[in-house]
> 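Next up is a structure, given as structure tokens.
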Amino acid sequence: MLTITTQDITLQQKAVDKKTAIQSIAKSLADKQLVESGYVQGMLNRESQNSTFLGNGIAIPHGTVETRSLVKSTGVAVHHFPDGVPWGDGNTVYLAIGIAAKSDEHLGILKQLTKVLSSDGVESALQNAETAQMIVGLLNGDVQFDADFNESLIELNFPANDVLQLAAVAGGLLKNQHCVNNEFIAELVTKTPTNLGQGLWLLSSDVGCQRTAMSFVTTANHCQYQGQPVKGLVAFSATNAAHQPMLTTLINTVALQRQNELLQSTPQALLALFSSDRDAVDSSEAAAQAQFTINNAHGLHARPGAMLVAEAKKFQSDIKVCNLDGEAKPVNAKSLMKVIAMGVKHGHKLQFSADGIDAEAALKAIGIAIESGLGEG
């Protein structure tokens, strides 16, 4: 899979506008023998069609479908602009990733980028990065801005007989996701949990942690600890303060006396509650649903992805989409970074759900746009 390395990054660049920046990046691609010299015009044409700005100070300038023949080899050239480059619509780019792709090899990079595009603090960190290694670390998610929490960190109705077993399971989930080591688990099972009421308990530790994360475990059995019921356990591993938003959500839930609702929630509902962007909310009860197949030869890369998002934005309804041939997690269809992150390839099936006064019209228009090729014929 195509990845960004320190060798791909050129630091301390300056450009008065995005045209100048793109020309400089195209030259780097040509110097690396990745593209023919005429590829620069394709990059400028692509930018005139739709902005390649993704968010958080990052843009991905690349050529058009018509200029793929000028690509000798798939690769990237990354330019760092600490002073920023005006990219239109009030956006400023600090990191421009020039992409040369013969096919859909670049989708892995686009998916990699979305891990940091929605995190607070990334833009400032990229602007102030002093080394190529720091930039690669930011793009790889090594610098953690959001705590980890996904379905693999949730275990519901585990047949535990006491809080000790729950702690061991919670720690095991974190270890399986490479967030902690055995030292963390040993620490967790010896700590006294905090009673949050209604059978919900809390444990946390910063011992043996590699990543900040949260796990959630409930038990199907009736058990007690210190004379109080035990129904579920929340466990935090902490290497920094990235878990604070989740902890605040948990505190607010307890303050509203909604622990039982939490304990009876589905994984999707838990992800929606503790997610910063709420994209994980279950859309099964949406007013309208439709399924479409992507026929674009190279899937939903930036251009057709932008066309799809632009179509969704024409409507007031809340529109979610999931890749049935991918992770199948619903995301906001009006967010380019979320749509690209699905890694949609040719032949993949997308399921849309829309909720609002123009839901049916939205799905019909999206279907027509997909059928017409999303700007690629």
Side-chain angles (χ1 to χ4, degrees), residues 146-276 278-285 329:
D146 298 310
D148 295 343
F149 186 56
N150 53 54
E151 287 199 37
S152 298
L153 291 168
I154 300 172
E155 183 74 44
L156 303 181
N157 298 316
F158 184 82
N161 294 315
D162 54 42
V163 73
L164 181 65
Q165 286 184 313
L166 282 181
V169 173
L173 293 176
L174 291 166
K175 183 184 176 184
N176 289 342
Q177 292 298 299
H178 309 291
C179 299
V180 302
N181 57 28
N182 288 332
E183 190 179 4
F184 174 88
I185 299 176
E187 167 82 2
L188 209 65
V189 298
T190 60
K191 295 189 73 172
T192 300
T194 299
N195 187 0
L196 300 180
Q198 299 181 18
L200 184 64
W201 297 77
L202 170 68
L203 277 172
S204 64
S205 178
D206 58 2
V207 175
C209 299
Q210 280 87 49
R211 292 185 61 81
T212 299
M214 183 181 85
S215 60
F216 186 92
V217 185
T218 64
T219 176
N221 297 334
H222 296 287
C223 50
Q224 292 188 338
Y225 179 75
Q226 296 181 344
Q228 298 296 317
V230 174
K231 298 180 181 179
L233 176 73
V234 178
F236 286 104
S237 61
T239 61
N240 56 21
H243 65 297
Q244 287 299 324
M246 289 182 175
L247 185 58
T248 298
T249 298
L250 182 62
I251 292 171
N252 291 338
T253 302
V254 171
L256 293 171
Q257 294 294 298
R258 298 177 61 181
Q259 296 94 316
N260 276 326
E261 292 181 34
L262 200 64
L263 290 163
Q264 296 169 10
S265 291
T266 64
Q268 286 284 359
L270 289 168
L271 293 174
L273 177 63
F274 289 100
S275 171
S276 60
R278 309 298 188 198
D279 277 347
V281 68
D282 189 355
S283 59
S284 61
E285 298 181 1
K329 173 185 175 182

> Cys179 and side chain to side chain contact (heavy atoms under 4.5 Å, CB included): which partner among Leu173, Asp148, Thr212, Thr239?
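Among Leu173, Asp148, Thr212, Thr239, the one that satisfies the side chain to side chain contact (heavy atoms under 4.5 Å, CB included) with Cys179 is Asp148.
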> Any side-chain heavy atom of Lys231 within less than 4.5 Å of one from Asn260?
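In contact.
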> Any side-chain heavy atom of Asn181 within less than 4.5 Å of one from Gln210?
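Yes, side chains in contact.
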> Measuring from atom CD of Gln264 to atom OG1 of Thr266, what distance do you get when rounded to the nearest 0.5 angstrom?
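Rounded to the nearest 0.5 Å, the CD-OG1 separation comes out at 11.5 Å.
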> Can you tell me if Glu151 uses its side chain to pair, donor with acceptor, with the backbone of Pro267 under 3.5 Å?
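Here the side-chain-to-backbone pair does not exist.
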> Ignoring hydrogens, what is the shortest heavy-atom contact between Ala213 and Leu153? Give both atom names and the distance.
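Heavy-atom minimum between the residues: CB-CD1, 4.4 Å.
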> Test side-chain contact (heavy atoms from CB on, under 4.5 Å) on Gln259 and Val254 and set out the steps.
CA-CA 6 Å; Gln259 296 94 316; Val254 171; 3.6 Å; yes
> In Å, rounded to the nearest 0.5 Å, how long is the span from CD1 of Ile154 to OG1 of Thr218?
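That separation rounds to 10.0 Å.
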> Just do the side-chain contact (heavy atoms from CB on, under 4.5 Å) check on Tyr225 and Thr192 with the steps written out, would you?
CA-CA 10 Å; Tyr225 179 75; Thr192 300; 3.7 Å; yes
> Would you mind reporting whether Leu273 and Phe149 have side-chain heavy atoms less than 4.5 Å apart?
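A side-chain contact under 4.5 Å is absent here.
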> Quick one: does Ser215's side chain have a donor or acceptor within less than 3.5 Å of a partner on Ala170's backbone?
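Between the backbone of Ala170 and the side chain of Ser215 there is a qualifying donor-acceptor contact (under 3.5 Å).
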> Between Leu188 and Val180, is any pair of side-chain heavy atoms under 4.5 Å apart?
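No, their side chains stay 4.5 Å or more apart.
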> With rounding to the nearest 0.5 Å, note down the distance linking OG in Ser265 to CZ in Arg258.
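Reported to 0.5 Å precision, the distance equals 8.5 Å.
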> Between Gln198 and Gln257, is there a side-chain heavy-atom distance shorter than 4.5 Å?
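Yes, side chains in contact.
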> Ser204 side chain to Ala235 main-chain N or O, any donor-acceptor pair under 3.5 Å?
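Here the side-chain-to-backbone pair does not exist.
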> Can you tell me how the ring of Phe236 sits relative to the ring of His243, calling it parallel under 30°, perpendicular over 60° and tilted otherwise?
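If you compare the ring of Phe236 with that of His243, the planes turn out tilted.
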> Under the side-chain contact (heavy atoms from CB on, under 4.5 Å) rule, what do Leu200 and Leu250 come out as? Steps first, then yes or no, please.
CA-CA 11 Å; Leu200 184 64; Leu250 182 62; 4.1 Å; yes
> Phe184 and Cys209: which non-hydrogen atoms are nearest, and at how many Å?
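Shortest heavy-atom separation between Phe184 and Cys209 comes out as CD1-SG, 3.6 Å.
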> About how many Å separate CG of Leu270 and CG of Asn150, when rounded to the nearest 0.5 Å?
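Rounded to the nearest 0.5 Å, the CG-CG separation comes to 12.0 Å.
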> I'd like to check Gln244 versus Leu247 (side-chain heavy atoms, cut-off strictly below 4.5 Å). Are they in contact?
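Gln244 vs Leu247: side chains touch.
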> Hey, could you give me the NZ/CG distance between Lys191 and Leu164, rounded to the nearest 0.5 Å?
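It comes to 14.5 Å.
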> Do you know which two heavy atoms are closest between Ser205 and Val207, and how far apart they sit?
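Answer, listing the atom of Ser205 first, then Val207: OG-N, 3.0 Å.
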> Side chains of Val230 and Cys223, heavy atoms from C-beta outward: is any pair under 4.5 Å?
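Contact flag for Val230/Cys223 side chains = yes.
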> Do Phe216 and Leu262 have side-chain heavy atoms sitting under 4.5 Å apart?
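Side-chain contact under 4.5 Å: yes.
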> Is there a donor-acceptor pair under 3.5 Å between the side chain of Thr219 and the backbone N or O of Ala160?
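Answer holds: yes.
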> Ala167 and Leu203: which non-hydrogen atoms are nearest, and at how many Å?
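Nearest heavy atoms, Ala167 then Leu203: CB-CD1, 3.7 Å.
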> Calculate, to the nearest 0.5 Å, the distance between atoms CZ and CG belonging to Arg211 and Leu174 respectively.
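Spacing of CZ (Arg211) from CG (Leu174) equals 11.5 Å.
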